[in-house]
Amino acid sequence: MELPQRYDAKEAEAKWQKFWEKNKIYAYNEKDKKKETYSIDTPPPTVSGSMHIGHAFSYSQQDFVARYKRMKGFNVFYPFGTDDNGLATEKLVQKNRKVNLRKIPRTEAIKICLEFLKEERPKFVQDWKNIGMSCDFSVMYSTIDDMSRKISQRTFLEMAKKGLAYRKEAPIIWDTMFQTAIAQAELVDSEIDSIFNDIVFRTEGSDELIIATTRPELIGACVAVFVHPKDKRYRKHVGKTAITPLYNAKVPVLADEKVSMEKGTGIVMCCTFGDQTDIEWYKQYKLPLKMLINPDGTMNDAAGRYKGMKADEARKATIEDLKQAKLLKSQKAIKHVVQIGERSGQPVEIINSKQWYISYLDKKDMFLKASEKLGWYPKHMKHRLDNWIKGLNWDWSISRQRHFGVPIPVWYDKTGKIYYADESQLPVDPVADRPKGVPEKVDLIPETDVFDTWFTSGSSPFLAIELMPKETQEELFPMSLRPQAHDIINFWLFYTMAKTQLIHRKNPWKDVIISGWALDPHGRKMSKSKGNVVVPQDMIQKYSADALRFWTAGSKLGDDMPFQEKDLVTGQKTITKLWNASKFVLMHLEDYRYEKVELEILDKWLLAKLQKLVKKCTEHFDAYEYSKAKQEFELFFWQVFTDNYLELAKDRLYNPGKYNKTARKSAQFALYEALLNLLKLIAPVMPYITEEIYQLYFAEKEKEKSIHISHWPEYSESYIDKNAEETGDLVVGILQTVRKFKSEKSLSLKAELSSIIISCSASQRKKLELVLQDIKAITIAEDIEFRESKEFSLEIKN
RNA sequence: GGGCUCGUGGUCUAGAGGCAUGACAUCCGCUUGACUCGCGGAAGAUCACCAGUUCGAAUCUGGUCGGGCCCACCA
């Protein structure tokens, strides 16, 4: 068989991708009852531009597992989805279509988003196909499609029925740019320049109380003044009344341990609301509510002459007024950290508003038990979830004030009574529909809020499972595996687990595997601002998806790995080597027909080592340790197979006349077995090159459509042959010594040697005499002599 | 401040009680009937630091220093 000189990865990868899809190689076979199901809760990537290297990294890792399980004989359910109902997508649409989605009617906004997605989604998904994901792309959901909206709304109704969903007016973190409530999870810290202002409050006895604040515009929202209970300076004022400057409001002076005596003047004003401590004090001391800031970030009527100003404008104006009134003692420039919305980049406010919540603070124990039951890989990632659960102190706020999202399926009447949608009418849009069974004459106000995106993606197992026929759905749940990166353990993993526990009292999956991040070559996080972002599609173009995956396979689960382009070169070399070795093997297998022959010792040596490799790789893959499997493969492939065995086998293949009658047949058998098994062992990591070679020769022999649904090599004890292994190892030792000798003498490896004298034990001699012809051929020595000795050594003469 | 995690040749990485693995880079040599994207060889590491346990520590224990992630604080 004449194989092309070079392997064209670009052509081959496109070809096999189409082949797999057309032949449904990765489809879950719901009719197959013999195979055990292995279902995977694939993370739906957020549609927010294009894939980055971190995606390629973690998605490849889960794909190794999926491919291994499939070959191991599992009926693998591996769906795909996209998360496209969040702020990220909204932002992308606004940028691309140059519209402000908030300023147009909701139905219009949704239409624009959906049209945009229809165009962009396939391009986006293509990136995932290109890295060789073995998902069944015909089982695909989008978190905004009809089915997902239906499921998301249904889970809400189920929780409402259980009394877990409630609506309440409460302080909430608010993004004034996007004008929506946001979760704690969506906040990032940002250091900004600010000014600490020392402002004069007075007691009723006209003593001065100096308060340090960075937010003087909130004086009007001040509802109390706090000092530390142990602070002797102010002890006498505790329990008395203070009068706020400019507004002249009477507020109580209270003592609380949260106050720091060292910071500022040691007196704090508590406003509704400046920060999260204010909320706690507001609740704890049942303080009144004085809101000054509107949802759009401007000041409201209660702010008096500052009404209509943005918060920062009001701050400047307030400072001016304080100066005029001689109520500003001093100012100090400081740098401090404020929380900003991660998407808007704007400082957040805390405002009081009506939101929907899921009650779960009393379920911490249940969640901790659920976490205990999960199979964590790596184990230590469990701590992150447990710490998060233990630290929860708010119920789950699920409503968001945006246009593009899954609508909350409720209506209200004038009295505030809540009307829920009927399950049969889902998905609904309260703005356009009415609840089933409620007479037309009842005037209803539709809820215009949508669910937070985590609420919907927290049902990901169901978004996928419900795309399958009813009778197989039970088989698929709970899922076998949740693969994901460590940055969203507190969010996606937690919410999915919490939601499934609350509704079904079960865990959504058996195991979770947590992948790390791809970092830049110096171990720093990649980001656009640092300019160190690597685009995987460029790397695939330049090298190949297989090379990219080969690099990924070098990482351990949970570990971050610096990306170095040179590592892709290594992958590329492995692909070339695999191609060339295959070229050689298949050339010699052209006339091969299986026939039972007594195997030559060196072939037994190879096959014994191969069996050990099979055993190790299988164990490693079973423990999700694909990197160890890859390492073992590499070691065997380069050192045992190509560098040594192939060289040893050459003489028998080219000059069979010098050996036993069946010596060539024996070598052919070994070559067949070794190459086929090697291809299979690395197929999960490098799906394209292995498929290409498999299809050239083995597919027909094994009568399989694809290597990826062929049988994983099975360890067979019968090939283990200690004697052959020892002999082979001795031969390799001799070969290495001879190579070193020639190298040091600057000789060609083809240079002839006049003699080699082997000093060894009698038993070693017995072994080596059986492969004398092979040793002569590989060392190109005219004469080989033996000398009896306890120590093994060589004397070489050229 | 708390939790988790890591610190190994120039770079990246494996190893988790007993001569420190591999890749890339470096140096020297070889065109061996699959492969110069190759082959052979060499050099390069007091395994962050200190103390302890042990016959023996990169590996276990305690501490120090330094990264990373998450959480808390941020008037």
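Order of the sequence lines sets the chain letters (A, B, ...), proteins ahead of strands, with each chain counted from 1.
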With both pairing distances under 3.5 angstrom for Watson-Crick or G-U wobble, and | for a partner in another strand, the correct string for RNA chain B is (((((((..(((.....[...))).(((((.......))))).....(((((..]....))))))))))))....
### Message
Mind checking if A/Trp638 touches a base, just sugar-phosphate, or nothing, with heavy atoms under 4.0 Å?
### Response
sugar-phosphate
Regarding A/Phe226, tell me which of base, sugar-phosphate or nothing describes its non-hydrogen contacts under 4.0 Å with the strands shown. nothing
Will you find, in the side chains of A/Glu692 and A/Tyr7, an N or O donor that is under 3.5 Å from an N or O acceptor? no
- Message: On the nucleotide B/rC4, are OP1 or OP2 found under 4.0 Å from the side-chain N or O atoms that A/Lys379 carries?
- Response: no
### Message
Would you measure the distance from the P atom in B/rC73 across to the matching atom in B/rG17 and give it in whole Å?
### Response
41 Å
C1' atoms of B/rC70 and B/rA16, separation to the nearest Å
26 Å
Exercise. Across the strands shown, which category fits A/Asn490 at heavy-atom distances under 4.0 angstrom: base, sugar-phosphate, nothing?
Worked result: sugar-phosphate
Letter by letter from the 5' end, nucleotides 10-15 of chain B scores (B base, S sugar-phosphate only, - none; protein heavy atoms under 4.0 Å) -BSSSS
Residue set satisfying salt bridge (charged side-chain N to carboxylate O under 4.0 Å, His left out) with A/Asp278, at least two apart, ordered chain then number -> none
field: Polar pair under 3.5 Å, donor/acceptor by atom type, side chain A/Thr576, base B/rC37
entry: yes
Practice task
Select base, sugar-phosphate, or nothing to describe what A/Asp643 touches, counting heavy atoms under 4.0 Å on all strands.
Solution key: sugar-phosphate
Establish, from distance only, whether the side-chain atoms of A/Gln339 and A/Gln276 form a donor-acceptor pair under 3.5 Å. yes
Verify whether one side chain among A/Gln773 and A/Asp651 offers a donor that lies under 3.5 Å from an acceptor in the other. no
Taking for A/His380 and for A/Lys745 the nucleotide of RNA chain B with the nearest heavy atom, the one nearer the 5' end belongs to A/His380
When we call it a touch if two heavy atoms are under 4.0 Å apart, what does A/Glu634 touch: a base, just sugar-phosphate, or nothing?
nothing
**Prompt:** Is the number of heavy atoms from other residues, nucleotides or ligands within 6.0 Å of NZ (A/Lys329) greater than 12?
**Reply:** no
- Would you indicate, yes or no, if B/rC39 has its OP1 or OP2 atom less than 4.0 angstrom from a side-chain nitrogen or oxygen of A/Lys750? no
Rounded to whole Å, OH of A/Tyr645 lies from P of B/rC39 at a distance of 19 Å
Rounded to whole Å, the CG-C1' distance (A/Leu749 to B/rU32) equals 6 Å
Name the nucleic acid region contacted by A/Ser260, choosing base, sugar-phosphate or nothing; use a 4.0 angstrom heavy-atom cut-off, strictly under. base
Taking everything shown except A/Glu208 itself, do over 12 heavy atoms lie less than 6.0 Å from its CD?
yes
Take atom C1' in B/rG52 and the same atom in B/rG1, then report the distance between them in whole Å.
-> 29 Å
Out of B/rG38, B/rG40, B/rC74, minimum distance to the side chain of A/Lys573 belongs to B/rG38
Nearest-nucleotide check on RNA chain B, A/Phe584 vs A/Glu262; residue mapping nearer the 5' end is A/Phe584
Surrounding NZ of A/Lys316 (heavy atoms of other residues, nucleotides or ligands, distance under 6.0 Å), is the total greater than 12?
no
When every non-hydrogen atom of A/Asp591 is compared with those of A/Gln668, the smallest separation belongs to OD1-NE2, 2.8 Å
Item to check | Nearest-Å distance once atom C1' is located in both B/rC6 and B/rA14 | outcome: 15 Å
*If you measure from the P atom in B/rA45 to the same atom in B/rC39, how many Å do you get, rounded?*
26 Å
- Do A/Asn197 and A/Thr213 meet the criterion of a side-chain donor-acceptor pair at a distance under 3.5 Å? no
Which label fits A/Phe491 and A/Trp388: parallel for a plane angle under 30°, tilted from 30 to 60°, or perpendicular past 60°?
perpendicular
*Any donor-acceptor pair under 3.5 Å joining the side chain of A/Ser746 to the base of B/rG29?*
no
To the nearest angstrom, the CG-P distance between A/Leu646 and B/rG33 comes to 14 Å
